[in-house]
Amino acid sequence: EFRDLVRALHEAGIEVLVDVVFNHTAEYGASGPTLCFRGIDNVIYYQMEANGKYRNLTGCANTVNCNHPVVRDFIIECLRYWVTELHVDGFRFDLACVLNRDRHGGLLGLSALVERISEDPILQGTKLIAEPWDVGGGYQLGGFDGARWSEWNDRYRDDVRRFWRGDHGVKGDLARRLTGSPDFYQDSGRLPQCSINFITAHDGFTLRDLVSYNKKHNKANGENNQDGHGENLSWNCGAEGETDDPIVLVLRARMQRNYLATLFLSLGVPMLLGGDEIGRTQRGNNNAYCQDNDITWINWDMLEGNADLLRFCKALIAFRKANPVYTRTRFFTGKPAKQGIEPDVLWFNARGQAQDWGAQDTSLACRIDETENGGTTLYIMFNPSATTEEFLLPKGSWRMRINTSKLSPYDVPESDNAPIFEGKTHMLLGQRSLVVLDEIGEKSSEKAGN
């Protein structure tokens with residue numbers, strides 16, 4: 001049945017990646033059930049402390065001994081089966097630092113297992129994504145095996161959340177995340193596509209909860225609200241949880257648009273949590289793995305009430321596909337590609353001056369040159385502050401493409417009805433909003449005509 005599912009998805013043009021958990025099993029610790037590996041050979045399949053206790057690098061009371069030769073072979077055969085028999089297109093490895101742990105729990109730069117996965121001839125061509133940390137202190141963002149691996153980028157998540165929450169001093173961090181996180185990938189010769197960018201995931205708040213709760217609300221999990229992360233870099237927009245306050249609701253909708261727009265305007269691979277496009281909530285639960293009920297189910301009836309948000313997501317995807325800069329396979333340099341043209345990317349403040357990364361103001365703007373985007377220059381402005389900001393536009397004729405302060409359908413207006421800004425002029429950005437303009441020039445007109 002799963003093979004038939006994969007075949008049907010492939011016929012619809014959809015690839016299938018499987019989330020695999022090789023770091024722990026359901027046998028738990030010494031008090032857990034004996035289901036399989038413990039009964040076959042406990043000390044081969046699990047990492048053990050000198051005192052005979054199970055080493056816990058996963059938060060699940062045991063840790064698979066991934067770099068024992070027997071276990072390495074088992075993992076490789078599992079992956080091969082999913083590729084050869086079920087025809088999946090790749091894998092996301094949960095708590096992948098465990099794959100780089102030696103048999104004594106030490107963290108390796110590159111383990112024999114990860115190298116084998118990278119070089120295995122049957123797995124060639126599959127997509128490999130690492131969650132590059134574990135619960136035992138392992139953290140290897142930017143450190144998995146070359147361009148063969150992509151990684152969940154939690155620094156992207158945290159820096160984008162801090163910026164839109166209004167934190168000071170994070171403009172430079174946001175700029176690096178927007179440009180594919182070169183601080184983690186460029187020096188090692190890897191590509192922007194190695195960064196899997198995300199705002200939310202199956203762990204943690206949903207997007208709607210990110211803008212609705214300052215604190216986790218996990219009492220339904222039965223652990224007295226002690227489980228789950230305590231700091232989510234979230235902001236409830238003025239009221240904790242569900243509310244009928246129209247001012248709060250308008251702001252929450254805008255903040256969701258800000259997060260989504262930032263995600264799809266960033267180099268790297270955007271990852272959208274299912275349900276965020278229709279405003280799914282877990283009622284503030286940020287560790288809902290144990291809830292098989294309406295806390296975690298997707299209620300498709302929400303499609304009707306959140307049609308504007310769904311439309312916005314679709315428009316962002318279409319915009320990203322239409323602008324080739326977002327599929328580039330190299331990092332920006334900040335320099336002209338050749339003499340006589342502008343640098344590939346330039347950064348400004350609201351006054352149109354070169355960005356001062358140490359300044360306390362939070363305004364940020366960037367210009368992406370037409371040579372990097374199929375002949376169309378983009379100008380993107382960010383205002384995370386609680387006040388309206390006046391931005392100076394560069395000389396030229398500019399067309400509004402995205403404005404998160406506007407309601408649907410004016411947040412992503414149709415090209416024929418989009419506002420036009422002529423000459424060197426100013427534009428007011430509403431509080432906590434993002435605006436994208438593209439330049440209407442001779443090259444852009446020719447491109448549109450073609």
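Keep in mind that this is a model prediction, so the values were computed, not measured. Values below: every heavy atom of this structure, side chains too, minus hydrogens, waters and symmetry copies.
Stacking of R432 on the aromatic ring of W164 is not recorded, the 6.0 Å distance cut-off and the 45° axial limit not both being met. Both the sub-6.0 Å distance and the 45° axial angle are satisfied by R328 relative to the ring of F332.
A side-chain N or O of S181 and one of N153 form a donor-acceptor pair less than 3.5 Å apart.
Under the 4.0 Å criterion applied to side-chain N and carboxylate O atoms, D227 and K216 are not assigned as salt-bridge partners. A salt bridge does not link D158 to R161: none of the charged nitrogens lies less than 4.0 Å from a carboxylate oxygen. Between E15 and K127 there is a salt bridge, since a side-chain N of the basic residue sits under 4.0 Å from a carboxylate O of the acidic one.
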Dump the intermediate steps for side chain to side chain donor-acceptor pair (under 3.5 Å) on Q291 and N221, then the final yes or no. CA-CA 7 Å; Q291 301 293 338; N221 297 345; 2.9 Å; yes
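Heavy atoms from other residues, nucleotides or ligands lying under 6.0 Å from OH of Y139 number more than 12.
Ring geometry, F144 versus W149: the interplanar angle falls from 30° to 60°, so the pair is classed tilted.
Atom-to-atom distance recorded for D244:CG and L249:CG is 7.0 Å, nearest 0.5 angstrom.
Taking the six-membered ring for Trp and the full ring otherwise, the centers of W152 and F198 sit less than 6.0 Å from each other.
Each of R283, Q282, E240 was checked for a side chain to side chain donor-acceptor pair (under 3.5 Å) with H217, and the lone residue meeting it is E240.
Across all non-hydrogen atoms, the minimal contact from C313 to E277 is SG-CB, 3.7 Å.
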